[in-house]
Amino acid sequence: MKKLLYLIAVAAIAASVMAVNNAAKARPTLTNIHADASSTSKPFMPIKRCMNMSSMEAPNEGDWYNYKIRKKDIKNVAEAGFDTIRMPVRVSHHTAPNAPYKISDTLLNRMDEVVNWGLEYDLQVIVDVHHYVELNENADLHEPRLEAIWDQLARHYAAAPSNLIFELINEPFGDMTVKRTDALNSRLLKRVRQDNPDRWVIIGSAEWGTLNGLIKSTPPNDPKIISTFHYYSPFKYTHQGAEWTPKPMPMGEKWGTQKDKDTITKEFKKAKRWADKQGNPLLLGEFGVIKNLSNYERARWTRHVRETAEANQMGWCYWDMMGGFKVWDRDEERWIPPVLYALIPNL
Ligand code: BGC
């Protein structure tokens, strides 16, 4: 009887800490959905085709591009053949300025909602701490706050299924040098591992998360990390007409000669060589072309980058579904065919 009471108590506690219990109950855990036991290509990479769902990168969801993620968006992503969504969230904007740096319950509830939708549609979900701008401006002040943010997220999602994935910092720059980012990544990972010993964790580097930053970095030694970089080169092609870049980005830049293609091929080979040396799988966590170009031009670059990533055994996440680099037309409520097919040709 005592044992039974004990088991009931343990079960009750476990249930109460399950932040995403509904989804966990509704679906079996999709651990390693892409595991291919017969494959000789190492190391194993759980993410193949992923879509960035960017609405929570804005200070408040909906502030930019005037949209919020809906359940049917997640369904559309799953039905198109993606296996993962990346959820960039500006958590720092919803976190108290002073210790213990509490994250707002409203934000956590909304994150849980989207996470649960993803899990419900059998997707892997990446929780990405995005746009912590102040960290790059004053790292001394903000590193302890980011540590507290990850302590809370790690506890909050400790009982979530294994297809929930963490991404510790997005595109550090400024104060966050490569060396400093390496050290912070190690500290954050150690803390996250206390509650999540076996969860996949995505780790990038400084210099805005570029390949240049990544290959200078030394990731922590851990069997469940994925290295990541972002690729938007040539920047003046992919960002032409962008309004948020420090320098204006004139329109009219062209891309697509053999030489242009070869440059990308060479860079991705370099990325692969670096990742193989580390022994980590590699994720191209963001790539895409701004909506200001024709969809055919956007598709041409996107296809080449996606194919080159796959040829080097990288998983990839397109930036993004419905924002400035969109592949979904919100007015028409449908995919933009050439760009979608550049990502998933065999739809
Ligand atoms: C930023 C977005 C931006 C995109 C392309 C992302 O890392 O968060 O705001 O649109 O890169 O520049």
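As the structure lists them, so they are numbered: ligands from 1, and atoms in each ligand from 1.
- For Glu333, the salt bridge (Lys or Arg N to Asp or Glu O under 4.0 Å) partners at least two apart in sequence or on another chain are Arg70, Lys72.
- With 3.5 Å as the limit, one finds a donor-acceptor pair spanning the side chains of Ser294 and Glu297.
- Trp208 and Tyr231 are members of different hydrophobic clusters when ILVMFWY side chains are connected at heavy-atom separations under 4.5 Å.
- Heavy-atom separations between His239 and ligand 1 include at least one value shorter than 4.0 Å.
- Between His131 and ligand 1, at least one pair of N/O atoms sits closer than 3.5 Å.
- Closest to atom 3 (C) of ligand 1 among all protein heavy atoms lies Trp319 NE1, 3.9 Å.
- Under the 3.5 Å distance criterion, with hydrogens and angles disregarded, a donor-acceptor pair is assigned to the side chains of His131 and Glu57.
- Among all non-hydrogen protein atoms, the one lying nearest atom 1 (C) of ligand 1 is Glu57 OE1, 3.5 Å.
- Here the protein heavy atom with the shortest distance to atom 8 (O) of ligand 1 is His130 NE2, 2.6 Å.
- Among the atoms of Tyr65, none of the N or O lies under 3.5 angstrom from an N or O of ligand 1.
- Remark: ligand 1 atoms within the under-4.0 Å shell around heavy atoms of Trp244 are 10 (O), 12 (O).
- In summary, of the residues considered (His230, Lys326, Arg86), a side-chain contact (heavy atoms from CB on, under 4.5 Å) with Trp319 occurs for Arg86 alone.
- Look at Asp276 and Lys272 and you find a salt bridge, because one of the NZ, NE, NH1 or NH2 atoms lies within 4.0 Å of a carboxylate O, short of that distance.
- Residue-level proximity to ligand 1 for Glu286 is carried by the side chain, the only part with a heavy atom below 4.0 angstrom.
- Proximity of the aromatic rings of Phe287 and Tyr232 is defined here by a centroid distance below 6.0 angstrom, and this criterion is not met.
- The atoms of ligand 1 that sit less than 4.0 Å from any heavy atom of Glu171 are 7 (O).
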